[in-house]
Structure formats: structure tokens, C-alpha cells
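Following: one structure in C-alpha cells, then a few remarks.
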Amino acid sequence: MAKMPQQKPGLSEQTVCTPKVLLDALKKRLHIASFSMDLAASADNAVTDLEEAPNSYYDEKMDALTRPWSCGGWNFCNPPFADIEPWVMKAVSESQLGAQTCMLLPASVGSNWWANFVDGCAHVLFLNGRVTFVGHTKPYPKDIAILLYTKYIYGGYEVWDWN
């Protein structure tokens, strides 16, 4: 197989919040009331219930890539898109230890990180409908996918009409 070209990160904003309508659709799809841990967040944008569980997120200083992800429920992760490979690599290894992670990423099917750590490793939901991140007026210009990493689901692709 030919090696894919290296990803060329752009200058896009790296700290955008996931819209509530998408989070609600994901929770309904996963049959959960809430996410147990937000792996790439801040106190201002964590998608977990901070009143109930104030330590239910990892911020940049806490560095989720150096911490365990098994929390007993579903994690959520909308990582910085500038360097995706370490996040998907960690999701694969943590899923083998029992972690369940729902990750929102660009659908970069031609990238090395996709070939190595998504295809056959996660169940992929291609979003039918563009995502408009919180604070933005226009949808993100690229296709987005939800990656479900868990030892209970192996691979597979589907198009999901989430809204």
C-alpha cells in the first residue's frame, strides 16, 4: 500500500465548542443521559455535568494523552484538529483497556492517522449535515465524523442523519 501524504494542518481555530444539538443527538444515539468525561475541554466548555462531577474533564494542562480514559461511561472528545494522530492512537489503546470514547473529527479518510487508527478500529458515523460550532455562524467547511471507540463495537461505517 502506498504511504499517504502527511497531513498539512491549517490555521483554523483549535478551541471550538460542540453544539448542544449534536451532543443531545449523540447521547440519544448512545442511550446515555450524559458523558462521563470530556477529554479535551476547559471548565468553560466541558460537555459533562460539572455540578455533579466537577473533575469530569481534562484540560490542556491536565493532558488527556498522559492520563487513563476509563471512567465507567462514555467519554467525549473534540480534540484540536491540528494534531489528530496522538488522539486516535490513544483512543485505540484505551478502548482495549475498556474505555468508551466518542470522538468528533474531520472525516480525513485519506490520511495516515485514519488508515492506522480509525479504519477497522472504530465504528464511524459520517455526519449527514454540516456542524456549526458554538460561536460560529457558518458550518465547518469539511465533512465531520463521529468515531466510536469501544471494545464492544468493531469497525464499520454508516451515514448518520443526526439532525
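Quick caveat, the model's predicted, so the values are computed rather than measured.
- A side-chain donor-acceptor contact under 3.5 Å links Thr18 and Asn78.
- Nearest approach of Ser36 to Cys71, heavy atoms of both residues: CB-SG, 3.4 Å.
- From Ser95, atom OG reaches atom CZ of Phe117 across 11.5 Å, with rounding to the nearest 0.5 Å.
- Side-chain contact between Leu22 and Leu104 is present, with at least one heavy-atom pair separated by less than 4.5 Å.
- Residues Ala41 and Ala46 share a closest heavy-atom pair of CB-CA, 3.8 Å.
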**Chi angles and distances behind the side-chain contact (heavy atoms from CB on, under 4.5 Å) call for Ser56, Leu50** = CA-CA 7 Å; Ser56 60; Leu50 295 180; 3.6 Å; yes
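- No salt bridge links Asp24 with Lys28; every basic N to acidic carboxylate O contact stays at or beyond 4.0 Å.
- Atom CD of residue Glu158 and atom NE2 of residue His123 lie 3.5 Å apart, to the nearest 0.5 angstrom.
- Here the closest heavy-atom approach between residue Leu125 and residue Arg29 is recorded as CD2-NH2, 3.4 Å.
- Taking CG of Asn128 as the start and CD1 of Ile144 as the end, the distance is 13.5 Å to the nearest 0.5 Å.
- In this structure, CG in Asp119 is found 8.5 Å from CH2 in Trp114, a value given to the nearest 0.5 Å.
- No donor-acceptor pair under 3.5 Å is formed between the side chain of Gln100 and the backbone N or O of Thr150.
- Taking the six-membered ring where tryptophan is involved, the planes of Phe126 and Tyr157 are essentially parallel, since the angle between them stays under 30° and well short of 60°.
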**Asked** Step by step, would you call Met103 with Ile146 a side-chain contact (heavy atoms from CB on, under 4.5 Å)?
**Response** CA-CA 6 Å; Met103 191 172 282; Ile146 299 295; over 6 Å; no
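- Here the shortest heavy-atom pairing between Tyr140 and Pro106 reads OH-CG, 4.2 Å.
- Trp162 contributes a side-chain N or O that, together with a main-chain N or O of Gly129, makes up a donor-acceptor pair within less than 3.5 Å.
- Between Thr101 and Trp87 there is no side-chain heavy-atom pair separated by less than 4.5 Å.
- By the neighbour-count criterion of 12 heavy atoms within 6.0 Å, atom CD of Glu52 is sparsely surrounded, having that number or fewer from other residues, nucleotides or ligands.
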**Asked** Do Thr137 and Thr132 pass the side-chain contact (heavy atoms from CB on, under 4.5 Å) test, and can you show the C-alpha distance, the side-chain angles, and the key distance before you say yes or no?
**Response** CA-CA 7 Å; Thr137 56; Thr132 301; 6.0 Å; no
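- Among all heavy-atom pairs drawn from Ser42 and Asp59, the shortest one is CA-CB, 4.3 Å.
- Separation of atoms CG (Leu65) and CD (Glu94) is listed at 10.0 Å; rounding is to 0.5 Å.
- The list of ring pair (Phe, Tyr, Trp, His ring centres under 6.0 Å) pairs with a residue in residues 22-57, not counting sequence neighbours, reads Phe35-Phe76.
- A cation-pi arrangement, defined by a distance under 6.0 Å to the six-membered ring centre and an angle within 45 degrees of its axis, is present between Arg67 and Tyr58.
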**Message:** Go through it in stages, so that I can follow the logic: the residues are Leu127 and Val131, the test is side-chain contact (heavy atoms from CB on, under 4.5 Å), and I'd like the CA-CA distance, side-chain angles, deciding distance and then a yes or no.
**Reply:** CA-CA 8 Å; Leu127 298 186; Val131 175; 3.6 Å; yes
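- Expressed to the nearest 0.5 Å, how far NE2 of His136 lies from SG of Cys17 amounts to 8.5 Å.
- Side-chain contact between Asp83 and Trp113 is absent, with no heavy atoms from C-beta onward closer than 4.5 Å.
- Across Ser70 and Ala99, no two heavy atoms sit closer than the pair OG-N, 3.4 Å.
- In this structure, the side chains of Trp69 and Leu97 stay at 4.5 Å or more apart for every pair of heavy atoms.
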